*Asks:* 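Mind having a look at this structure? Questions to follow.
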Amino acid sequence: MDLQFHNTLTRRKERFQPLDPQNVRVYVCGPTVYDFAHIGNARPVVVFDVLFRLLRDVYGARQVTYARNITDVDDKILQAAKDSGELIEQITRRTTEAYHDDMAALGALPPTVEPRATQHIFQMVAMIQALIDKGHAYAADGHVLFAVPSMADYGQLSRLDREALIAGARVDVAPYKKDPADFVLWKPSTPEQPGWESPWGRGRPGWHIECSAMALEHLGEVFDIHGGGLDLVFPHHENEIAQSRCAHGTAEMARLWMHNGYVVVNGEKMAKSAGNFFTVRQLLEEGLRGEAIRLALLSGHYRAPLDITREKIAECKGQLDRLYGALRGVDADRRTAPPAKLLEALADDLNTPLALAELHDIASAMNKAKDEEKREALAGGLLAGGALLGLLQDDPDAWFKGAAAAGALSADAIEAMIAARIEARKTKNFPEADRIRDDLLAQGITLEDGPGGTIWRRAD
């Protein structure tokens, strides 16, 4: 099957041709672990999880290497430690665990490899030294900086003019810079800050060099796809390209660059700095389903802005109820191949809205089918298509029964009340049967009577 993805570098959709079909290599920038992940942080995780699933389906699970890093040394982490009084190691450990738990709740597969920045300092120092040796970097005042004018075609990814490049690269006016656009590869650490010995003194790496070194270590000098959020195009990904290409003498770092659009609130980008965000942990603790959050994140095309609200997530929960409802009571084979139309949608630049529409079409066909064998065949396709999107992974009955909130009726208690209601109906004690039904409804339990008996679900 031909895959086509939009390449940020060329600004056009291109046919995907891996360097080695036996080892398809993908790198996606992961979190800086200083706080809980907000819903905007979760979008690239979910988007590139679908890409990972698609590549595994096309090329084979063992033929795809997906690297997503953990940035565990960064000025934001240092500031969080200073503000809280908590040890850096405690912050990074706690927030990394929370990140793993929250992304698992969204149905994201773990990456093939998850490199941590602090475990790759040696590789970073070696790459910085190579850049110095080749005339692309220089040491100054305890810092090492990349010399932007040394790279003739710097800026190809972002396509910004020089003034914009300078404005984006310069955090402050640094007298040790030879050119205002030059950016930091290594910086000195004070005694209370984390640091490592290097040829330029005790210090720590700049953010950009971290990903270049980790990508080299786990994927090689040139690999297939580099992904991340649109906000990383400049300066982070632009600088990754500069470092990697100049250090290795290659014409490219990655063959294809993919970027997901922003999550927005009332048209404004969601960001912690803007204070207009909510975390994945917060939504989950409010009782919103992880799979419904995932569906909301896939409801728009990955390159477009996406407005996420609690109301939208609740609407997505209703859509999942419909899909799970079609599967309820059907004996389906989970080994069925994904539907061709759904595969075609994802193969065309990860068109998840079109792929989701195919799931709903299959559910509609299932609800209309009279023949049980046909329903089972359709159900297999629905499950396989759902799996490619990371959806419909729960047992249908378990989905509707959900997890009991604190103080809520347990599943055993509900089953006992349903049994009592069935017995009341057998003895024609309909007032008692109605009372039990109303009592359950008042506690958020909906009953559905059918030919196969009574099934129940919790209201969300």
Side-chain angles (χ1 to χ4, degrees), residues 1 3 5 24 26 28 42-66 68 100 102-112 227 289-302 316-367 369 374-400 402:
M1 164 173 282
L3 305 179
F5 303 119
V24 182
V26 180
V28 174
R43 191 180 191 191
V45 175
V46 170
V47 164
F48 292 107
D49 180 66
V50 172
L51 175 66
F52 184 34
R53 291 169 184 267
L54 175 63
L55 293 174
R56 283 161 55 99
D57 185 83
V58 173
Y59 294 99
R62 295 185 178 183
Q63 276 66 56
V64 181
T65 301
Y66 173 29
R68 188 183 68 216
H100 287 156
D102 292 349
M103 296 309 109
L106 300 187
L109 298 171
T112 314
R289 298 285 190 92
E291 196 167 329
I293 298 171
R294 182 185 181 94
L295 178 55
L297 290 168
L298 295 176
S299 61
H301 193 276
Y302 80 94
C316 288
K317 165 62 168 58
Q319 293 180 29
L320 287 166
D321 284 348
R322 179 176 181 271
L323 296 175
Y324 273 113
L327 291 167
R328 207 167 189 181
V330 180
D331 185 16
D333 186 352
R334 287 184 176 268
R335 295 170 297 177
T336 306
K341 287 184 179 179
L342 187 143
L343 265 174
E344 289 168 5
L346 294 182
D348 185 11
D349 200 26
L350 294 185
N351 191 336
T352 55
L354 189 58
L356 291 168
E358 177 62 14
L359 290 186
H360 285 288
D361 286 347
I362 296 171
S364 295
M366 285 182 65
N367 292 332
K374 183 177 180 180
R375 290 189 71 223
E376 290 177 1
L378 288 167
L382 183 58
L383 286 170
L388 207 52
L389 291 162
L391 300 171
L392 305 179
Q393 301 301 287
D394 207 345
D395 175 81
D397 284 334
W399 169 262
F400 286 110

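Remember, predicted model here, so these are calculated numbers, not experimental data. Throughout, residue positions are numbered sequentially from 1 according to the sequence presented.
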*Asks:* So does Leu392 get a backbone contact from the side chain of Glu291, meaning a donor-acceptor N/O pair under 3.5 Å?
*Replies:* yes
*Asks:* May I ask you to test the Val24-Val58 pair for a side-chain heavy-atom distance under 4.5 Å?
*Replies:* no
*Asks:* Search all heavy atoms of Ala387 against all heavy atoms of Arg53 and return the closest pair with its distance.
*Replies:* O-NH1, 2.9 Å
*Asks:* Closer than 3.5 angstrom, by distance alone: can the side chain of His301 be matched with the main-chain N or O of Asp349 as a donor-acceptor pair?
*Replies:* yes
*Asks:* What are the two closest heavy atoms between Ala326 and Arg375, and how far apart are they?
*Replies:* O-NH2, 3.4 Å
*Asks:* Under the side-chain contact (heavy atoms from CB on, under 4.5 Å) criterion, do Tyr302 and Val46 qualify, and how do the steps go?
*Replies:* CA-CA 10 Å; Tyr302 80 94; Val46 170; over 6 Å; no
*Asks:* Once rounded to the nearest 0.5 Å, what's the spacing between atom CG of Leu391 and atom CG of Leu298?
*Replies:* 6.0 Å
*Asks:* Just verifying a value: how many Å separate Arg328 CZ and Asp395 CG, rounded to the nearest 0.5 Å?
*Replies:* 9.0 Å
*Asks:* Under the side-chain contact (heavy atoms from CB on, under 4.5 Å) test against Leu346, which residue among Thr352, Asn351, Leu354 passes?
*Replies:* Thr352
*Asks:* Is there a side-chain contact between Thr336 and Leu383 (heavy atoms, below 4.5 Å)?
*Replies:* no
*Asks:* Looking at Phe52, does the NZ or CZ of Arg56 lie under 6.0 angstrom from its six-membered ring centre and within 45 degrees of the ring axis?
*Replies:* yes
*Asks:* Given the ring of Trp399, does Arg289 sit roughly above its face, with NZ or CZ under 6.0 Å from the centre of the six-membered ring and within 45° of the axis?
*Replies:* yes
*Asks:* Which atoms form the tightest heavy-atom contact between Ala292 and Cys316, and what is the distance?
*Replies:* O-CB, 3.6 Å
*Asks:* Ala355 and Leu342: which non-hydrogen atoms are nearest, and at how many Å?
*Replies:* O-CD1, 3.5 Å
*Asks:* Please determine if Lys341 and Asp361 form a salt bridge, counting it only when a charged side-chain N lies under 4.0 Å from a carboxylate O.
*Replies:* no
*Asks:* Hey, which of Leu382, Leu388, Ile362 is the one that makes side-chain contact (heavy atoms from CB on, under 4.5 Å) with Pro339?
*Replies:* Ile362
*Asks:* Could you tell me if the side chain of Leu295 sits less than 4.5 Å from the side chain of Lys317, heavy atoms only?
*Replies:* no
*Asks:* Compute whether any side-chain donor of one residue and acceptor of the other, for Asp49 and Tyr66, lie under 3.5 angstrom apart.
*Replies:* no
*Asks:* Going from CG on Leu327 to CG on Asp394, what distance comes out if it is rounded to the nearest 0.5 angstrom?
*Replies:* 11.0 Å
*Asks:* Rounded to the nearest 0.5 Å, what's the gap from OH on Tyr324 to CD on Gln319? Could you check?
*Replies:* 13.5 Å
*Asks:* Go through the steps to decide whether Leu343 and Asp57 satisfy the test side-chain contact (heavy atoms from CB on, under 4.5 Å), and finish with yes or no.
*Replies:* CA-CA 10 Å; Leu343 265 174; Asp57 185 83; 3.7 Å; yes
*Asks:* Of the non-hydrogen atoms in Pro353 and Gly300, which two are nearest, and what is the gap between them?
*Replies:* CG-C, 3.7 Å
*Asks:* side-chain contact (heavy atoms from CB on, under 4.5 Å) for Leu320 and Arg294? Distances and angles first, verdict last.
*Replies:* CA-CA 11 Å; Leu320 287 166; Arg294 182 185 181 94; over 6 Å; no
*Asks:* Could you tell me which non-hydrogen atom of Gly385 sits nearest to which non-hydrogen atom of Leu359, and how far apart they are?
*Replies:* C-CD2, 3.9 Å
*Asks:* Report the C-alpha distance between Leu106 and Val45 in whole Å, list the side-chain angles of each, state the deciding distance to 0.1 Å, and finish with yes or no for side-chain contact (heavy atoms from CB on, under 4.5 Å).
*Replies:* CA-CA 9 Å; Leu106 300 187; Val45 175; over 6 Å; no
